[in-house]
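In what follows, chains carry the letters A, B, and so on, assigned in the order in which the sequence lines appear, proteins first and then strands, with residues in each chain numbered from 1. The shown structure was predicted, so the numbers you read here are calculated from the model rather than taken from an experiment.
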Number of protein chains: 2
Amino acid sequence: MSPHTRSTMKDVAELAGVSPKTVSNVLTGAAGVREETRTKVESAMAELDFVPNLSARGLRNGRSGVIGLALPDVGSAFSASITHEMLEAAHERGLMIQVEETAAEPEREYDLVSRARTHQVDGLILNPVRLEDSVVEHVGHLPPVVLIGEVEQHRTDRVFINSPVAARLSAQHMIQQGACRVAVLGGSQAAATDSKATMGQRLQGYVDGLREHGLPTPEELQVEVIEWTVEGGARGMQELLDREVAFDAVIAFTDSIAMGALHVLHSAGIRVPEDVLISGFDDVQHAAYTWPALTTISFDHRVYVDQALDLLAERIADRSIEPRAVEIPHTLTVRQSTDARPAGYLPTPRT
Amino acid sequence: MSPHTRSTMKDVAELAGVSPKTVSNVLTGAAGVREETRTKVESAMAELDFVPNLSARGLRNGRSGVIGLALPDVGSAFSASITHEMLEAAHERGLMIQVEETAAEPEREYDLVSRARTHQVDGLILNPVRLEDSVVEHVGHLPPVVLIGEVEQHRTDRVFINSPVAARLSAQHMIQQGACRVAVLGGSQAAATDSKATMGQRLQGYVDGLREHGLPTPEELQVEVIEWTVEGGARGMQELLDREVAFDAVIAFTDSIAMGALHVLHSAGIRVPEDVLISGFDDVQHAAYTWPALTTISFDHRVYVDQALDLLAERIADRSIEPRAVEIPHTLTVRQSTDARPAGYLPTPRT
DNA sequence: TTGAAAGCGCTAACAT
DNA sequence: ATGTTAGCGCTTTCAA
């Protein structure tokens, strides 16, 4: 039975017949240690089942080696993917990740930023929910923060994809495929003012894309989706059907929304892509395995989080550098969900 | 511009004209503090934008307030759901969650348990990947650990669903619906010895369910799936089709596997549920929104994580109590994916 | 109800 | 290459 009292560097030092500092040197590799001494220390550590106390190290160094990751909802496919990649990337850098969710109560985002220092984290990677700029703008003393997402602000570093361009690309693709009544699921122009930055940008790109081709962008084809989840997408699609307006393509603002929409379309007997085309955003793992497979905006999630961690590391090292914004390239990945000329959905039977 | 030097309790104490201990009392509410003093201290804290240093508190108290959550792959739907619920439950208890992934390198699981103390975590909730018992069995000094999943062992507390019963339930349901050649996607009897405990249990239940009804359980209907992901499910389903054996139902060992399988079935022109029935495990959020909606084994993920946190809290408080195992009730949720008498898939055209 | 002193385990700075 | 000293910020004695 091993003792419940944890051994300290002092214990190890005594057993090995050296000073605590030497044990520390062995552990951190800071100063050179003679091979003989190192061996002695290492066997003493093994015998005592020694593990360093990171709270003490954190207190001493002012660094915990922990990064906070704040996401709206880890249950959603995109957040889950980002978390997954972040854990991998952090592991490679010897960092730990403390995850927080902010969707349930928006004020958590504020709490998080303003009190990041208490959380034993060296910095924060924040994917904001809504009214995004306000959070970061309204806090006096900012800890090192990297924003991920399409928030326009200049107080923190950020990583983003060019959402307006991506949405325009999606719209153009729909038109190319023969669509002329393209709906959006995610946001409406009516709601764009006081809500998500991402939503506003994607909506703008969509509007631009249609207008370029002289197509109208009526409000009746724009459905706001409060929660960007599968369930939210299903509800949004149902609302679109309930409006009884004709449409022949749907651009969903996330893959999750698209998946919920697909379910409702299938249930209503509307064929994809024969009757209606549909596309998403983010290219989550599942997107290639929906039925039909989902056309979507792709970008490398690993590159995304690597950039975020790079920026954060640099800011932790030097808080005085100018905030930078890094754009991650995206592409349109065409799959079966837009691979046809749509016949269009009409609320009333055609003659 | 606020100062970069963080204020300490000493600073607050000086500004408020009290001792650091009093500030501590105000913060923790340990001893009674006179209303007048409390007000003074609180305004001093506000003025200095004070936040306590949790590393220092952790060092002093031997508690960090952080729980480690180790999962195979946060990108998978089930892990994402568990993480989501865990974050909510932890938030309500004032705990933080540090997440780790173990699927990429199985030895991480070992590292994690044996060195949990370094990670500034008070305890660990561990969803093991494979060879699960060995990890927990082979470490000398165990930190507080709660296992989630169907691992049979008696050194740690654990939370689980009764997988054999659940799998038998699924099999019986398939038979009730008229299936007689029921395949499994997730594990095979050939692979059951040295791999996942969960897999072995679900396989056993499946076998029992079929045998009860005098149905055979040939190896050719059992497909091992290494990664329990959508992609793994798709590959597994493809392998089953490539074997060119007849089947009229598929029990997938997770919903993610089922979703991948659904995609491949659709692509092959095999109708669900008209030709083949399919079911999953876990009832992730997406399961109700596949096409057709997925029959699956449901259990309350929130209850699951609440139980795990309860057990962990009790073990952290008292390490000497006997390890307990808590079974979470499950039900079979029947949806459209098994809502028909299957015609069956035959590799060669019928006559 | 509040203060003073001590120390949690570690490492930077300085000595040797 | 190794030892000594001091202190990170907090809270737990013990006194007042």
Euclidean distance, atom CZ of residue B/R60 to atom P of C/dC10 [Å, nearest integer]: 15 Å
Do B/V18 and B/V23 come within less than 4.5 Å of each other through their side chains, counting heavy atoms only? yes
Just the rounded figure in Å: distance from P of C/dC10 to CG of A/L27. 8 Å
Look at A/R57 and C/dT11 and indicate whether a side-chain polar atom (N or O) is within less than 4.0 Å of OP1 or OP2. yes
Worked verdict on A/V41 versus A/R38 for side-chain contact (heavy atoms from CB on, under 4.5 Å): CA-CA 5 Å; A/V41 170; A/R38 146 165 284 115; 5.8 Å; no
Counting side-chain heavy atoms from C-beta on, which of C/dT2, C/dG3, C/dG9 comes nearest to B/V33? C/dT2
Hey, what do you get for CD (B/E327) to CD1 (B/I161), rounding to the nearest 0.5 Å? 8.5 Å
Within this structure, what is the CD-NE2 distance for the pair B/E85 and B/H301, rounded to the nearest 0.5 Å? 8.0 Å
Rounded distance (Å) that lies between atom P of C/dT2 and atom NZ of B/K10: 21 Å
Counting C-beta onward and ignoring hydrogens, is there a side-chain heavy-atom pair between B/L27 and B/M45 closer than 4.5 Å? yes
Determine the minimum heavy-atom distance between A/F299 and A/Y304, stating which atoms define it. CE1-CD1, 3.7 Å
As a check of understanding: the bend across the helix from C/dT1-D/dA16 to C/dT16-D/dA1, end axes from five pairs, rounded to 10 degrees, works out to 30°
So, for A/P128 and A/L147, which heavy atoms are closest and what is the spacing to 0.1 Å? CG-CG, 4.0 Å
Decide yes or no on side-chain contact (heavy atoms from CB on, under 4.5 Å) for A/D306 and A/R93, but give the supporting numbers first. CA-CA 10 Å; A/D306 270 328; A/R93 294 159 195 240; 3.0 Å; yes
Rounded to whole angstrom units, what separation is found between the CG atom of A/L59 and the P atom of C/dG9? 12 Å
Between C/dC10 atom C1' and A/E14 atom CD, what is the distance in whole Å? 15 Å
Please report the distance, rounded to the nearest Å, between CG in B/N25 and C1' in C/dA4. 14 Å
Could you list where the contact with chain A starts and ends along DNA chain D, reading 5' to 3', using a 4.0 Å heavy-atom cut-off? D/dA1 to D/dG9
Donor + acceptor pair across side chains of B/H84, A/E101 (<3.5 Å): yes
Reading DNA chain D from 5' onward, which residue's closest nucleotide shows up sooner: B/K21 or B/A56? B/A56
Can you list, by residue number, the residues of residues 35-47 of chain A that have a non-hydrogen atom closer than 4.0 angstrom to DNA chain C? none
Straight-line distance of A/N127 CG to A/T102 OG1, nearest 0.5 Å: 7.5 Å
Side-chain N or O of A/T8 closer than 4.0 Å to phosphate OP1/OP2 of C/dG9: no
Are any non-hydrogen side-chain atoms of B/V99 and A/I97 less than 4.5 angstrom apart? no
Shortest side-chain distance from A/M9, nucleotide among C/dG9, C/dA6, C/dT11: C/dT11
Set out, in order, the CA-CA distance, both residues' side-chain angles and the distance that settles side-chain contact (heavy atoms from CB on, under 4.5 Å) for A/M86 and A/L309, then state yes or no. CA-CA 8 Å; A/M86 190 69 81; A/L309 283 175; 3.8 Å; yes
Where each residue is assigned the nucleotide of DNA chain C containing its nearest heavy atom, which of B/V18 and B/N61 is assigned the position nearer the 5′ end? B/V18
